[in-house]
Amino acid sequence: MPSLFARNQRFSLATLLLLLELLTGNLRMADAQIGVCYGMLGNNLPSANDVIGLYRSNNIKRMRLYDPNQAALEALRNSGIELILGVPNSDLQGLATNPDTSRQWVQKNVLNFWPSVKIKYVAVGNEVSPVGGSSSVAQYVLPAIQNVYQAIRAQGLHDQIKVSTSIDMTLIGNSFPPSQGSFRGDVRSYLDPIIGYLVYANAPLLVNVYPYFSYTGNPRDISLPYALFTSPNVMVWDGQYGYQNLFDAILDSVHAAIDNTRIGYVEVVVSESGWPSDGGFAATYDNARVYLENLVRRSSRGSPRRPSKPTETYIFALFDENNKSPEIEKHFGLFNPNKQKKYPFGFGTKRNEEVVIDDFNATISLKSDM
């Protein structure tokens, strides 16, 4: 029989290993790269100052704004919240055709607030495509990006503030298997030069990723657990990569599409992802709660294809916005307009955790960041 000393040594080692595992897990959760998109298409939403208070009280450390709303930018001063600042599609032509207009835009909306507002990215255009409803402004995206970049570079801020654009998944021609991801042939002449710029500027591509729409578009072949992050096992093997959820598969199809252009390495930031709680097929409170809670947890790690760095992810959206259409677009909020949380999970709010190890009656109290 082992001596008491040997048993205590073994238990001490077990305690240490458990503590290391728990602390490592807590650090991973503390490093969750999560933000929330602040849309304003509602007639019953709180003030910008109240919204910033909501972010801070819920420990949400990143925000996406779709336009340079001056009240929101003022409220963000000294908040510590990192920001994706949007350029509306309606402004693209003016910024693209006149460098002076770009310099004035950057002065008014970036330099007047930097560094008290932690602008991390400028998203020049949202979901613009050379084919479809936004095709008329597609020609302006890259020159607008370049003019805004040059205005920021002239101030020596191009390493702190990255200029990019946000795309949706309609630009992907093939997404399965993920390793064969590719952009549509009829958007390559639009997108390839943008990717070339992103390589040059060391800026990420912003991508809106919605497993909800992939699932509802093909529920026969895509299971709901796969879309909600609740599959117990790998559902798709793609060479050496195993996929247990649809989000990772979609994200890696974008990574592969970028890699398969052979232009260069570009990181991806998920600039929108969410699940509606009402208004359409599979749009239920429970589905939205499960998806969003798992998305928050998922953001602390990378994807199978790019595992080394957590995926920076922005949840769409902060509020239910009653002026949006169609109906389903009104139900993506994390909060009700009265600032009450729709869902019980947090974004880094502290809670006590107690772990009891029965073998030697040790009780360890921890602070978790989730």
Q: Start with the C-alpha distance between S134 and S129, add both sets of side-chain angles, then the distance that settles side-chain hydrogen bond (donor to acceptor under 3.5 Å, both in side chains), and finish with yes or no.
A: CA-CA 6 Å; S134 58; S129 171; 5.3 Å; no

Q: Assess whether side chain to side chain contact (heavy atoms under 4.5 Å, CB included) is satisfied between L228 and N245, documenting all intermediate values.
A: CA-CA 7 Å; L228 294 177; N245 65 78; over 6 Å; no

Q: Give the intermediate values and the outcome of side chain to side chain contact (heavy atoms under 4.5 Å, CB included) for residues K324 and L41.
A: CA-CA 6 Å; K324 298 198 74 171; L41 295 179; 3.7 Å; yes

Q: Please test K120 against E312 for salt bridge (Lys or Arg N to Asp or Glu O under 4.0 Å), starting from the C-alpha separation and ending with a verdict.
A: CA-CA 12 Å; K120 188 175 185 181; E312 190 174 341; 3.1 Å; yes

Q | side-chain hydrogen bond (donor to acceptor under 3.5 Å, both in side chains) between Y200 and Q146, intermediate numbers included | A | CA-CA 11 Å; Y200 163 77; Q146 292 170 325; over 6 Å; no

Q: Show the numbers, then the answer: is there a side chain to side chain contact (heavy atoms under 4.5 Å, CB included) between E267 and H255?
A: CA-CA 8 Å; E267 290 190 357; H255 289 142; over 6 Å; no

(Q) Quick one, L54 with F319, criterion side chain to side chain contact (heavy atoms under 4.5 Å, CB included). Give me CA distance, side-chain angles, the key distance, then yes/no. (A) CA-CA 11 Å; L54 194 63; F319 295 116; 3.9 Å; yes

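Here CG of N287 is found 3.0 Å from OG1 of T284. Values are rounded to the nearest 0.5 Å. Here the CG atom belonging to L85 is positioned 10.5 Å from the CZ atom belonging to R64, to the nearest 0.5 angstrom. Note that CD1 of I34 and CD1 of I315 are 4.0 Å apart. Values are rounded to the nearest 0.5 Å. Summarising the geometry, atom NZ belonging to K118 is positioned 8.5 Å from atom CZ belonging to R62; distances are rounded to the nearest 0.5 Å. Atom OG of S116 is separated from atom CH2 of W114 by 10.0 Å, given to the nearest 0.5 angstrom.
The aromatic rings of F247 and F229 sit tilted, their planes meeting at an angle between 30° and 60°. Relative ring orientation between Y291 and W275 is described as tilted, the plane-to-plane angle lying within the 30° to 60° band. Ring orientation note: the planes of F213 and Y210 are nearly perpendicular, at an angle over 60° on the 30°/60° scale.
For Y285 (side chain) and K342 (main-chain N/O), a donor-acceptor pair under 3.5 Å exists by modelled atom type. In this structure a side-chain-to-backbone donor-acceptor pair under 3.5 Å is missing from N98 to G94. In this structure, S79 contributes its side chain and I81 its backbone to a donor-acceptor pair below 3.5 Å. Listed for the N338 side chain is a donor-acceptor partner under 3.5 Å among the backbone atoms of Q340.
Remark: the Q70 side chain and the N109 side chain contain an N/O donor-acceptor pair separated by less than 3.5 Å. Judged by distance alone, the side chains of D252 and S303 do bring a donor and an acceptor atom under 3.5 Å apart. There is no side-chain donor-acceptor pair under 3.5 Å between T311 and S299. S179 and D238 form a side-chain donor-acceptor contact under 3.5 Å, judged by distance and modelled atom types alone. Side chains of N233 and Q244: no donor on one and acceptor on the other come within 3.5 Å.
Residues K339 and V51 are not in side-chain contact: their nearest non-hydrogen atoms beyond the backbone lie 4.5 Å or more apart. Using a 4.5 Å heavy-atom threshold, the side chains of Q150 and R103 count as separate. The shortest distance between side-chain heavy atoms of V122 and W105 falls below 4.5 Å. The side-chain heavy atoms of R305 and D259, taken from C-beta on, include a pair separated by under 4.5 Å. At least one side-chain heavy atom of L73 sits less than 4.5 Å from a side-chain heavy atom of P68. Two residues are said to be in side-chain contact when any heavy atoms from C-beta on lie closer than 4.5 Å; N202 and K162 meet this criterion. At least one side-chain heavy atom of F281 sits less than 4.5 Å from a side-chain heavy atom of P219. Using a 4.5 Å cut-off on side-chain heavy atoms (C-beta onward), L334 and K341 make no contact.
Ion pairing between a basic and an acidic side chain is recognised when a charged N comes within 4.0 Å of a carboxylate O; D278 and K330 show no such pairing. Salt-bridge formation is detected for the pair R301/D248: a Lys NZ or Arg NE/NH1/NH2 atom is positioned less than 4.0 Å from an Asp or Glu carboxylate oxygen.
For the side-chain contact (heavy atoms from CB on, under 4.5 Å) with F183, the lone residue among N174, I258, N260 that qualifies is I258. Remark: of the listed residues D168, D67, N208, T165, N208 is the sole one forming a side-chain contact (heavy atoms from CB on, under 4.5 Å) with N126.
Neither L65 nor Y314 shares a network with the other; the hydrophobic side chains, linked directly or stepwise wherever heavy atoms of I, L, V, M, F, W or Y lie under 4.5 Å apart, form separate groups for each. Hydrophobic clustering keeps V269 apart from I119 (ILVMFWY residues linked when any side-chain heavy atoms are closer than 4.5 Å, directly or through intermediates). The same ILVMFWY cluster, assembled from side-chain heavy atoms under 4.5 Å apart, contains both V128 and V148. A continuous path of hydrophobic side-chain contacts links Y38 to I60 [ILVMFWY only; heavy atoms under 4.5 Å]. Hydrophobic cluster membership differs between L206 and I145, with clusters built from Ile, Leu, Val, Met, Phe, Trp and Tyr side chains linked at under 4.5 angstrom.
Checked against a 6.0 Å centroid threshold, the rings of Y215 and Y226 do not count as neighbours.
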